[in-house]
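Everything below concerns the one structure shown next.
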Amino acid sequence: LRLVVVVVLVVLRFLIHSSTMALLRFVCFITLLSVVAGQQAGSQKDNKHPPLSMSTCSAGGQCTSEDHSIVLDSNWMWTHKKGSSQNCYTGDEWDKSLCPDPATCASNCALDGGDYEDTYGVSTDGATISLKFVTKGQYGSNVGSRTYLMDTDESSYKMFKLKNREFTFDVDDSQLPCGLNGALYFVEMDADGGMSKYPGNAAGAKYGTGYCDAQCPHDIKFINGEANILNWTTSPTDPNSGTGAWGTCCTEMDIWESNSISQAVTPHPCTVEGQTKCVGTQCGDGNERYQGVCDKDGSDFNPYRCGDKTFYGPGSSFALDSTQPMTVVTRFHTVDGTDTGDLHHIERLYMQNGKVIPTRTVTICGQTFNTLSDNFTSVQKKCFNDTNDFAVKGGMKKVGDALDNGMVLVMSLWADYAVHMLWLDSDYPTDRPSTQPGVSRGTCATTSGDPSTIINNNPDATVKYMNIKFGPIGSTIPSGPSPPGPPSPAPPTPAAPVCADSTPPCNTCAACCHSYIPPGADCAKCVQENC
């Protein structure tokens with residue numbers, strides 16, 4: 001690329017003093033360069049996006065259906081020589097004749113989709129998307145999938161701005177055993193998949209490009225329009241994957257990470273804005289985990305991990321029965337109840353069998369919480385003996401900034417080749433006693449979750465996401481509570497106001513009071529200092 005730049009500058013200097021015809025030839029030369037140097041869009045398969053509808057709701061609760069579609073992540077797509085059936089990538093290896101360096105590889109190789117259901121186990125029906133874990137196709141088996149919601153133009157991703165809004169969907173996790181993760185979440189990807197930023201990316205959102213998350217994954221085949229082949233190392237456990245020198249980072253908002261045993265909501269702030277390629281320490285790999293640009297741990301609210309062991313699970317003995325579909329509502333409250341205010345806390349409630357089920361209050365080291373906030377994170381991290389990288393990376397404020405910029409909806413199903421999803425549904429870390437606060441995250445055995453075992457025993461495991469809705473707080477479910485209004489000034493001499501779980505006797509800033517201090521405590525100081 002440096003050579004091309006030098007040549008172009010020399011030629012341009014010459015052409016300044018040359019004829020118009022010579023200048024036109026130079027423009028054609030530059031255009032040709034931009035055409036041939038890029039991650040290509042293929043044409044050998046039909047890249048038809050399966051339709052998926054969602055609803056946008058207004059403050060009065062009126063919801064309007066919209067016709068959208070989904071696209072598969074480019075990592076799953078067939079990567080082959082442009083105009084040929086020769087693979088650029090087979091199993092977990094690159095073809096070195098087509099991919100001697102990142103830029104040449106991107107110019108030689110194209111992406112092609114295919115039959116979503118028969119090849120990838122992805123199907124849609126109206127407002128429902130189904131993701132099957134293992135699908136045996138003509139050319140081999142596909143394991144897991146990651147999909148994105150497209151905008152109505154089908155050339156860009158649907159962008160969600162979540163502050164002072166709620167996001168609602170129905171989910172059926174009943175078939176997901178220990179070790180699987182039906183994950184629905186948001187990431188700060190570019191709406192066009194990075195196509196306008198990076199000339200090397202000629203495929204864009206239509207072909208599922210531009211992925212990033214707070215783990216700064218190294219297994220993404222193309223990053224910023226170039227192949228991630230430098231220092232490519234095949235995975236010792238996953239026969240279809242490997243890692244390159246580059247990672248791709250961005251803020252991540254995990255709405256729902258779940259199987260039939262455990263579930264969690266987890267924001268992950270990053271210090272960078274938008275999708276960012278990382279190298280070395282920036283990526284936060286291994287012993288440099290807390291030196292990278294993203295909070296890989298996040299601030300997780302897993303009811304079981306927080307001590308509520310009867311809230312979610314399989315069977316009628318749980319408040320939420322994971323053997324049945326349920327509605328999941330996530331609300332993003334700002335400090336002042338406006339769209340422009342900083343993100344203050346995240347609230348979660350559910351519906352099942354026509355009943356609204358709020359998150360139950362949990363007690364962590366003597367303090368009670370039923371929402372996710374900076375204070376919840378601080379108390380939980382200290383109590384669980386975890387590093388509070390969430391605060392270091394900017395906390396709720398930084399997550400809110402990403403929500404302002406707009407985020408892409410991801411719907412996926414995956415297995416964990418690294419630590420077998422123990423961090424979600426078992427005891428983790430395994431070198432700590434399970435009796436230590438925060439170690440036990442679910443009832444799965446520490447020997448569970450091996451992807452090869454799940455592939456053999458549960459190939460048909462399927463997650464369904466249904467009836468996506470988005471709108472102002474209180475708009476997406478019947479008789480949803482109204483959003484809190486802006487806080488009133490604290491009275492100079494409060495008449496013994498106290499916090500309680502069932503009623504908001506703090507007549508000023510009840511939400512703040514609930515977030516900062518336990519029930520029964522005087523909240524006047526809380527209101528004065530934090531509202």
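In what follows, residues are counted from 1 in the order of the sequence shown.
Of all the heavy atoms in Leu180 and Ala461, the pair that sits closest is CD1-CB, 3.6 Å. Shortest non-hydrogen contact noted between Lys296 and Ala214 is CG-O, 3.4 Å. In plain terms, the two heavy atoms of Asn240 and Asp92 that are nearest each other are C-CB, 4.1 Å. Contact record, Asp308 with Arg360: OD1-NH2, 2.8 Å, taken as the closest heavy-atom pair. Taking every heavy atom of both residues into account, Asn457 and Pro459 meet most closely at C-CD, 3.3 Å. Contact record, Glu257 with Ala183: CG-CB, 4.2 Å, taken as the closest heavy-atom pair.
Using a distance-only test at 3.5 Å, with no hydrogens or angles considered, no donor-acceptor pair links the side chain of Ser260 to the main chain of Pro314. Side chain of Asn388 to backbone of Ala391: a donor-acceptor contact under 3.5 angstrom is found. No donor-acceptor pair under 3.5 Å is formed between the side chain of Asn302 and the backbone N or O of Ala264. Within the 3.5 Å criterion, the main-chain N or O of Cys88 finds no donor-acceptor partner in the side chain of Thr79. Judged by distance alone, with hydrogens and angles left aside, the side-chain atoms of Ser258 form no donor-acceptor pair with the main-chain N or O of Gly182 at under 3.5 Å. Judged by distance alone, with hydrogens and angles left aside, the side-chain atoms of Gln352 form a donor-acceptor pair with the main-chain N or O of Pro325 at under 3.5 Å. Here the side chain of Asn87 pairs no donor or acceptor atom with the backbone of Thr90 at under 3.5 angstrom. Between the side chain of Thr147 and the main chain of Met411, a donor-acceptor pair closer than 3.5 Å is present. Between the side chain of Asn259 and the main chain of Ser262, a donor-acceptor pair closer than 3.5 Å is present. With hydrogens and angles disregarded, a donor-acceptor distance shorter than 3.5 Å links the side chain of Ser426 to the backbone of Cys444.
Under the 30°/60° scheme for interplanar angles, the aromatic rings of Tyr120 and Tyr116 are found to stand perpendicular. Using the six-membered ring where Trp is involved, Tyr211 and Tyr148 have ring planes that are parallel, under 30° apart on the 30 and 60° scheme. Below 30°, between 30° and 60°, or above 60°: for Phe301 and Phe376 the angle between ring planes is below 30°, a parallel geometry. Note on ring orientation: taking the six-membered ring where Trp is involved, the planes of His345 and His333 are parallel (angle under 30°, cut-offs 30° and 60°).
Salt bridge annotation for Lys393-Asp295: absent, with no cationic side-chain nitrogen under 4.0 angstrom from a carboxylate oxygen.
Partners of Thr64 according to the side chain to side chain donor-acceptor pair (under 3.5 Å) rule, which considers only residues two or more places apart in sequence or in another chain, do not exist here. Residues meeting the side chain to side chain donor-acceptor pair (under 3.5 Å) test with Asp190, sequence neighbours left out: Lys197.
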**Full working for side-chain hydrogen bond (donor to acceptor under 3.5 Å, both in side chains) between Trp423 and Asp300** = CA-CA 11 Å; Trp423 54 268; Asp300 66 300; over 6 Å; no
**Request:** Any chance you could lay out the salt bridge (charged side-chain N to carboxylate O under 4.0 Å, His left out) test for Asp374 and Lys397, step after step, and finish with the verdict?
**Result:** CA-CA 9 Å; Asp374 284 329; Lys397 169 68 167 64; over 6 Å; no
**Request:** Any chance you could lay out the side chain to side chain contact (heavy atoms under 4.5 Å, CB included) test for Ile255 and Arg348, step after step, and finish with the verdict?
**Result:** CA-CA 9 Å; Ile255 298 288; Arg348 169 63 64 74; 3.8 Å; yes
**Request:** Run the numbers on Thr359 and Glu347 for side-chain hydrogen bond (donor to acceptor under 3.5 Å, both in side chains), then give the verdict.
**Result:** CA-CA 8 Å; Thr359 295; Glu347 176 192 8; over 6 Å; no
**Message:** Using the rule given for disulfide (SG to SG under 2.5 Å), can you reason through Cys216 versus Cys249, listing the C-alpha separation, both sets of side-chain angles and the distance that settles it, and then say yes or no?
**Reply:** CA-CA 4 Å; Cys216 300; Cys249 313; 2.2 Å; yes
**Message:** One pair to check against ring pair (Phe, Tyr, Trp, His ring centres under 6.0 Å): Phe311 and Tyr350. What are the steps and the verdict?
**Reply:** CA-CA 11 Å; Phe311 185 70; Tyr350 309 83; 5.6 Å; yes
**Worked verdict on Gln380 versus Ser299 for side-chain hydrogen bond (donor to acceptor under 3.5 Å, both in side chains)** = CA-CA 9 Å; Gln380 187 208 55; Ser299 175; 4.9 Å; no
**Message:** Determine whether Tyr185 and Ser412 satisfy the following criterion, side chain to side chain contact (heavy atoms under 4.5 Å, CB included), listing intermediate values before the conclusion.
**Reply:** CA-CA 9 Å; Tyr185 57 106; Ser412 69; 3.7 Å; yes
**Message:** What verdict does the side chain to side chain contact (heavy atoms under 4.5 Å, CB included) test give for Val71 and Met77, after you've listed the backbone C-alpha separation in whole Å, the side-chain angles of each residue and the deciding distance to 0.1 Å?
**Reply:** CA-CA 10 Å; Val71 64; Met77 291 189 177; 4.1 Å; yes
**Message:** Test side chain to side chain contact (heavy atoms under 4.5 Å, CB included) on Val279 and Trp246; report intermediate values, then the result.
**Reply:** CA-CA 5 Å; Val279 181; Trp246 303 334; 3.6 Å; yes
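For the 3.5 Å distance criterion, the side chains of His218 and Asn228 fail to qualify, holding no donor opposite an acceptor. No side-chain donor from either of Asp67 and Ser53 sits under 3.5 Å from a side-chain acceptor of the other. Side-chain contact, Asp219 with Thr243: no donor N or O sits under 3.5 Å from an acceptor N or O. In the model, Thr234 has no side-chain atom that pairs as donor or acceptor with a side-chain atom of Glu93 under 3.5 Å. Under 3.5 Å, the side chains of Ser145 and Asn142 contain no donor-acceptor pair of N or O atoms. Between the side chains of Thr56 and Glu66, at least one donor N or O lies within less than 3.5 Å of an accepting N or O. Defined by atom type and a distance below 3.5 Å, a donor-acceptor pair is missing between the side-chain atoms of Tyr304 and Asp425.
For Lys136, the NZ atom counts as loosely surrounded, since its 6.0 Å shell holds 12 or fewer non-hydrogen atoms of other residues, nucleotides or ligands. Gln62 CD: 12 or fewer foreign heavy atoms inside a 6.0 Å radius. Atom OH of Tyr428 is surrounded by 12 or fewer heavy atoms from other residues, nucleotides or ligands within 6.0 Å.
For the side chain to side chain contact (heavy atoms under 4.5 Å, CB included) with Glu154, the qualifying choice from Lys206, His68, Lys48, His49 is His49, the only one to do so. Applying the ring pair (Phe, Tyr, Trp, His ring centres under 6.0 Å) test between Phe167 and each of Phe332, Trp256, Tyr465, Phe186 identifies Phe186 as the sole match. Tested against Lys163, the residues Asp404, Thr334, Thr340, Asp339 include a single side-chain hydrogen bond (donor to acceptor under 3.5 Å, both in side chains) partner, Asp404.
Relative to the six-membered ring of Phe160, Arg165 misses at least one condition, a distance below 6.0 Å or an angle of at most 45° to the axis. The side-chain tip of Lys381 does not point at the ring of Phe390 from less than 6.0 angstrom away and within 45° of straight on.
For the atom pair Asn181 CG and Leu176 CG, the distance stands at 8.5 Å (nearest 0.5 Å). Distance CZ/Phe222 to OH/Tyr198: 16.0 Å, rounded to 0.5 Å.
Checked against the 2.5 Å cut-off, the SG-SG distance between Cys270 and Cys250 does not fall under it.
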